[in-house]
Amino acid sequence: MNQTLEAQAREAPQATQQPAAEPTQSQSIAVEIYDQIYHLRGTDPAYIERLAAVVDAKMRAVASHGNTVDSLRVAVLAALNIADELCCARDRSDNLAGSLQNSQQSLRSRAGDLSHLLDELLEDRKVG
């Protein structure tokens with residue numbers, strides 16, 4: 001994500017979006033994460049809002065399971081949880097990619113074997 005972040009510590013009830021601009025042009029969007037407003041710039045406001053919602057939800061989940069009120073500590077623990085989810089997803093993706101590659105090699109080998117058998121069968125029919 002190639003976004004710039006400006007944090008302004010003020011409370012707001014909801015995320016607000018700036019007027020629409022061209023899809024490829026960077027635009028500013030205000031999002032609320034853990035009761036703080038952040039002004040972010042990017043080309044996809046809906047995506048930025050989705051990311052902010054994920055971070056906000058994770059921070060609130062971490063805060064509800066702990067006794068800390070320090071927002072920095074909550075943010076770090078939330079970041080660790082998000083990093084763990086990312087690493088697990090990457091491991092699953094790598095495993096699936098390896099399985100897919102093995103399956104493709106197996107299918108190519110099987111297709112080669114079947115092609116060879118078909119060639120032999122057709123050759124036998126020409127001779128016989």
Side-chain angles (χ1 to χ4, degrees):
M1 180 176 97
N2 231 356
Q3 311 296 336
T4 59
L5 173 70
E6 299 173 30
Q8 292 185 349
R10 63 183 160 142
E11 295 184 15
Q14 296 178 348
T16 58
Q17 184 174 340
Q18 299 295 325
E22 294 179 23
T24 57
Q25 185 179 6
S26 181
Q27 44 191 309
S28 180
I29 181 170
V31 296
E32 182 177 354
I33 301 172
Y34 206 63
D35 300 327
Q36 297 291 316
I37 298 297
Y38 296 91
H39 293 277
L40 307 173
R41 295 192 61 77
T43 57
D44 188 351
Y47 181 69
I48 293 169
E49 286 177 343
R50 198 170 104 213
L51 293 177
V54 167
V55 172
D56 183 67
K58 189 61 72 175
M59 287 182 71
R60 291 183 188 285
V62 166
S64 72
H65 286 87
N67 294 328
T68 184
V69 291
D70 179 14
S71 61
L72 178 59
R73 187 176 202 84
V74 169
V76 169
L77 292 172
L80 287 170
N81 278 276
I82 293 169
D84 177 54
E85 291 173 7
L86 174 62
C87 288
C88 290
R90 283 181 176 168
D91 288 345
R92 283 192 304 272
S93 176
D94 290 346
N95 288 337
L96 288 173
S99 294
L100 178 61
Q101 187 175 14
N102 289 340
S103 295
Q104 288 173 338
Q105 289 173 347
S106 177
L107 286 173
R108 283 190 194 105
S109 176
R110 182 75 175 141
D113 292 345
L114 291 172
S115 175
H116 181 69
L117 289 172
L118 184 58
D119 288 343
E120 286 179 5
L121 179 65
L122 292 174
E123 189 65 36
D124 287 347
R125 287 194 176 179
K126 284 183 186 178
V127 173

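This is a predicted model, so every value here is computed, not measured. In what follows, every heavy atom counts, from backbone to side chain, and hydrogens, waters and symmetry copies are set aside.
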Discussion item. Quick test of your reading: applying side-chain hydrogen bond (donor to acceptor under 3.5 Å, both in side chains), list the pairs with at least one residue in residues 88-114, sequence neighbours left out, ordered by first then second residue.
Written reply: none
Item to complete: State, to 0.1 Å, how close Ile37 and Ala30 come at their nearest heavy-atom pair, and which atoms those are.
Response: CG2-CB, 4.2 Å
Item to complete: Calculate, to the nearest 0.5 Å, the distance between atoms OG1 and CD1 belonging to Thr43 and Ile48 respectively.
Response: 7.0 Å
Practice prompt. Evaluate the criterion side-chain contact (heavy atoms from CB on, under 4.5 Å) for residue pair Lys58 and Ile33; output intermediate values, then yes/no.
Written response: CA-CA 10 Å; Lys58 189 61 72 175; Ile33 301 172; over 6 Å; no
Fill in: Spacing of NE2 belonging to His65 relative to CG belonging to Leu77, to within rounding of 0.5 Å
12.5 Å
Discussion item. Just to verify, what does Arg73 make a side chain to side chain donor-acceptor pair (under 3.5 Å) with, not counting sequence neighbours?
Written reply: none
Worksheet item: Same hydrophobic cluster for Val54 and Val76, using side-chain heavy-atom links shorter than 4.5 Å among ILVMFWY?
Response: no
Worksheet entry | Which atom of Ile29 lies closest to which atom of Pro45, heavy atoms considered | CD1-O, 3.5 Å
Discussion item. Side chains of Val55 and Met59, heavy atoms from C-beta outward: is any pair under 4.5 Å?
Written reply: yes
Worksheet item: If you take all heavy atoms of Tyr34 and Asp56, which pair is closest and at what distance?
Response: N-OD1, 2.6 Å
Practice prompt. First locate atom CD of Glu123, then atom CG of Leu121, and finally report the distance between them rounded to the nearest 0.5 Å.
Written response: 10.5 Å
Worksheet entry | Residue pair Leu40 / Glu49, side-chain heavy-atom distance below 4.5 Å | no
